[in-house]
Number of protein chains: 2
Amino acid sequence: MKKIVLPKKEDFIPHLAYDAVIFGFNGTELKIVILEYQKTNHFALPGGFVRHNQNLDEAVYQGVQNRTGISDIQLEQCHTFGHQNRRDKKVLKDICEVHDHQIKDDHWLLGRFISVCYYALINFEDVSLEPDELSDSVGWYGLDELPELMLDHKEMVSKALEVLQKNIDEKLVGMNLLPEKFTMKDLQNVYESILQKKLVRTAFQRKILAKDILVRHEKKYTGKAHKAPYLYSFKPV
Amino acid sequence: MKKIVLPKKEDFIPHLAYDAVIFGFNGTELKIVILEYQKTNHFALPGGFVRHNQNLDEAVYQGVQNRTGISDIQLEQCHTFGHQNRRDKKVLKDICEVHDHQIKDDHWLLGRFISVCYYALINFEDVSLEPDELSDSVGWYGLDELPELMLDHKEMVSKALEVLQKNIDEKLVGMNLLPEKFTMKDLQNVYESILQKKLVRTAFQRKILAKDILVRHEKKYTGKAHKAPYLYSFKPV
DNA sequence: GTATTATTGTATCTAACCGATACAATAGAA
DNA sequence: TTCTATTGTATCGGTTAGATACAATAATAC
């Protein structure tokens with residue numbers, strides 16, 4: 001059993017946390033990162049705390065970076081959750097119990113937390129997921145196969161998806177979710193996964209090309225018996 | 001000189017604040033509420049702190065309610081500002097000095113604050129503005145006549161306006177900014193003030209009527225030498 | 001009364017955009 | 001060479017917004 005070391009109270013802004021809905025695209029489906037506390041059967045979004053000498057945005061950025069090993073992250077703040085019963089007494093106690101760790105009832109981690117929710121877009125292929133101090137493992141989950149999540153983390157996922165949907169046309173959302181070069185179908189798959197609906201192929205292609213944000217490269221020969229699609233990349237800014 | 005009483009540290013979540021961009025519409029122009037610390041020449045958005053046994057949303061709602069005397073408020077969270085140098089040492093010290101009040105360098109109010117920014121839409125006519133403990137007066141300012149604001153409050157105003165603009169079509173924004181009955185021109189003025197651009201009269205009227213959210217009432221005779229406009233109200237939900 | 005004026009409510013024309021459909025251009029398999 | 005699935009693009013019809021036109025009308029001027 002791994003010995004756990006809880007974060008020190010005095011290093012962090014008390015009662016404040018962040019949680020990140022980390023989106024990746026595996027080529028077909030949109031996935032998010034979920035931490036698993038295996039022995040306790042608890043699941044949660046990756047999150048963390050903000051140091052006294054740290055910007056909120058930077059704390060989240062570094063947190064996501066540490067967990068995914070990725071430094072090219074598109075990060076957007078979604079919403080701050082501040083309900084007074086946002087406290088995870090049960091979960092943390094279970095985790096500590098499993099690890100034979102004593103935790104007092106008045107421990108700061110058992111108190112109320114306000115949490116700022118962000119979404120992060122990253123390149124699925126480059127990720128190497130690292131469990132943190134407390135979680136035993138970590139994995140990718142599709143939006144329709146999420147386990148029961150602690151606290152209001154399910155609501156956070158909904159909010160993150162909602163904000164992502166609203167941003168999809170103006171924030172070049174595909175850029176971080178796709179590899180350098182991709183086909184029009186890849187991009188359409190990303191859009192459809194995010195918007196959770198089918199799009200009309202011809203209208204989608206026309207709209208994206210009209211935006212004038214893509215560069216067309218060589219064709220991609222897939223070995224399939226049909227016309228080969230062009231590869232595209234995003235125009236450099 | 002009014003004796004000031006600072007809020008007690010132990011009642012509130014430390015390092016956490018909220019600020020509200022309170023919008024009202026005076027019939028022609030969009031205005032926001034700004035607090036004035038007269039002797040110190042400092043200006044700020046109305047804000048406050050969150051009690052340990054209070055939801056974040058409720059804290060903001062009650063804060064806005066207390067300051068405006070209004071209970072019909074449309075409140076929306078905009079953004080959480082968490083830069084590490086969000087602290088107002090100078091302003092608070094100046095205020096205390098003016099009031100002959102001693103404040104120590106390590107007083108909790110002088111520390112770093114994360115602040116959650118909200119916008120509030122209220123009926124301008126029903127408001128009676130109340131200065132709080134620390135501010136000497138409070139007033140309405142047009143967006144283009146704002147004084148220099150403390151910390152990042154100017155940025156908060158921009159963010160609030162941006163979020164309001166994005167919400168304008170789906171959140172029935174006019175409902176709280178206008179009196180019970182209003183003309184189409186009134187509503188168009190609200191839209192133009194928020195979007196900060198002129199709209200085409202005929203297209204605006206057509207779009208709003210097509211939404212089917214208004215009830216048409218009697219005409220409004222203004223005494224002017226031209227056709228009298230109809231009065232409308234929002235359909236009850 | 002009648003003409004005048006400013007504004008309102010609505011209809012019409014046109015350009016832009018999207019969904020639907022059609023179709024030619026393939027890359028590879030049969 | 002034929003066949004199949006997919007891609008890239010053009011075209012048609014419906015919807016929407018800006019531009020324009022115009023009738024309706026409330027008060028004033030005459």
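Lettering of chains follows the sequences in order, A, B, ..., and the numbering in each one begins at 1. Please read all numbers here as calculations on a predicted model, not as lab measurements.
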Open item on the list: Go nucleotide by nucleotide along DNA chain C from the 5' end; which of A:V200 and A:G223 gets its closest nucleotide reached first?
Closed with: A:V200
- [ ] Verify the distance criterion only: is there a donor paired with an acceptor across the side chains of A:Q188 and A:Q205 at less than 3.5 Å?
- [x] no
Task: Atom-to-atom span, CZ of A:F204 to P of C:dA20 - whole angstrom - done: 16 Å
Open item on the list: Need one value for A:L199: base, sugar-phosphate or nothing, where a base atom within 4.0 Å counts as base even if backbone is also close, heavy atoms only.
Closed with: nothing
TODO: Name the first nucleotide and the last nucleotide along DNA chain D (5' to 3') that come under 4.0 Å of a heavy atom in chain A.
DONE: D:dT4 to D:dT11
Open item on the list: Please check this pair: side chain of B:H15 against backbone of B:R112, looking for a donor-acceptor N/O pair closer than 3.5 Å.
Closed with: yes
- [ ] Measure the acute angle between the ring planes of A:Y191 and A:F204, then classify it against the limits of 30° and 60° as parallel, tilted or perpendicular.
- [x] perpendicular
Task: Axial cation check for B:Y230 ring with B:R216, 6.0 Å and 45° limits - done: yes
Task: Earlier contact from the 5' end, DNA chain C, for B:M184 and A:R206 - done: B:M184
Open item on the list: Testing the 3.5 Å rule here: is there a donor-acceptor pair between the side chains of A:Y118 and A:D57?
Closed with: yes
TODO: Classify the nucleic acid contact of B:T222 as base, sugar-phosphate or nothing, counting any heavy atom under 4.0 Å across all strands shown.
DONE: nothing
Open item on the list: Could you tell me how far apart A:Q205 (CD) and C:dG19 (P) are, to the nearest whole angstrom?
Closed with: 14 Å
Open item on the list: What contact category does A:T183 fall into here, base, sugar-phosphate, or nothing, at under 4.0 angstrom with non-hydrogen atoms?
Closed with: nothing
- [ ] Please determine, by modelled atom types, if A:Y141 and A:E36 share a side-chain donor-acceptor pair under 3.5 angstrom.
- [x] yes
